[in-house]
Amino acid sequence: MSTIAPRPSVLFVCVHNAGRSQMAAAFLTRLAGDGVEVRSAGSAPAGTVNPAVVEAMKEAGIDISAETPKVLTTEAVQASDVVITMGCGDTCPVFPGKRYLDWQLADPAGRGVDAVRPIRDEIEQRVRGLLAELGIPAT
């Protein structure tokens, strides 16, 4: 009887969990299906997801209007195989045995949908690259 390897888990972290990390989590969820466990969080979560981000994702066919920013917890980091930070710097706890990536991306906070689109598109490309690295086919 063969055993199936557990699916990897990825945590996306940005300061407010209202833009970049929400877009990345939504793209990974869409592209990986059940192949990856996806989390997102912020070191200082906002009250709501950035409306321009919601609109830009809607244009890409992904509805994140029901998402809410979540606070970054030590448990979320410990439960993740890959932790991708997006401008939270050293506020993210570091644990041995985890893979940490820092994606330098423009912050969509306070910007309109026209400014968010190129950030969204770059995040989608990075998520596709991550899936390739993890050996998980995009759906």
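Note that the structure is predicted; figures quoted are calculated from it, not measured. The first residue of the sequence shown is numbered 1, and numbering continues consecutively from there.
In this structure, the side chain of Ser40 does not engage the main chain of Asn17 through any donor-acceptor pair within 3.5 Å. Of the possible polar contacts, one joining the Lys98 side chain to the Ser80 backbone as a donor-acceptor pair under 3.5 Å is found. Within the 3.5 Å criterion, the main-chain N or O of Ala44 finds a donor-acceptor partner in the side chain of His16. Not one N or O on the side chain of Thr85 forms a donor-acceptor pair closer than 3.5 Å with the backbone of Phe12. Side chain of Asn50 to main chain of Pro108: a donor-acceptor pair is present (N/O by atom type, distance under 3.5 Å, no hydrogens or angles). Remark: the backbone N or O of Leu105 is paired with a side-chain donor or acceptor of Arg20 at under 3.5 angstrom.
In this structure, Ile62 is a member of the same hydrophobic cluster as Val54, with clusters built from ILVMFWY side-chain heavy atoms closer than 4.5 Å. Put simply, Val49 and Val71 are part of two different groups of oily side chains (I, L, V, M, F, W, Y) that touch within less than 4.5 Å, one to the next. There is a path of hydrophobic side-chain contacts, each under 4.5 Å, that joins Met23 to Leu101. In the hydrophobic clustering of ILVMFWY residues, with side-chain heavy atoms under 4.5 Å counting as a link, Val53 and Val113 come out apart.
Scanning all heavy atoms of the two residues, the minimum distance from Arg7 to Gly35 falls at CB-O, 3.3 Å. Here the closest non-hydrogen pair linking Leu131 and Ala138 is CD1-CB, 4.0 Å. Contact record, Ala115 with Pro118: O-CD, 3.4 Å, taken as the closest heavy-atom pair. Smallest separation of non-hydrogen atoms from Ala24 and Met86: CB-CE, 3.4 Å.
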| task | Kindly determine whether Tyr100 and Val13 satisfy side-chain contact (heavy atoms from CB on, under 4.5 Å), including the steps that lead there. | result | CA-CA 11 Å; Tyr100 290 87; Val13 180; over 6 Å; no
| request: Determine, step by step, whether Asp102 and Ile84 satisfy the side-chain contact (heavy atoms from CB on, under 4.5 Å) criterion, reporting the C-alpha distance in whole Å, the side-chain angles of both residues, the deciding distance to 0.1 Å, and the verdict. | output: CA-CA 6 Å; Asp102 186 45; Ile84 299 173; over 6 Å; no
| request: Given side-chain contact (heavy atoms from CB on, under 4.5 Å), test Thr48 with Thr68 step by step and report yes or no. | output: CA-CA 6 Å; Thr48 60; Thr68 55; over 6 Å; no
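The side-chain contact (heavy atoms from CB on, under 4.5 Å) test with Phe27 is passed by exactly one of Arg126, Gln125, Arg120, Gln22: Arg120.
Atoms CD and CG, from Glu124 and Leu31 in turn, are 6.0 Å apart once rounded to the nearest 0.5 Å. To the nearest 0.5 angstrom, Leu11 atom CG is 6.5 Å from Leu72 atom CG. Rounded to the nearest 0.5 Å, atoms OG (Ser21) and CG (Leu28) are 12.5 Å apart. Thr74 OG1 to Phe95 CZ: the interatomic distance, rounded to the nearest 0.5 Å, is 5.0 Å.
In this structure the side chain of Val10 reaches within 4.5 angstrom of the side chain of Val82, judged on heavy atoms. Arg39 has its side chain within reach of Ser9: a pair of non-hydrogen atoms, C-beta onward, lies under 4.5 Å apart.
Look at Arg99 and Glu133 and you find a salt bridge, because one of the NZ, NE, NH1 or NH2 atoms lies within 4.0 Å of a carboxylate O, short of that distance.
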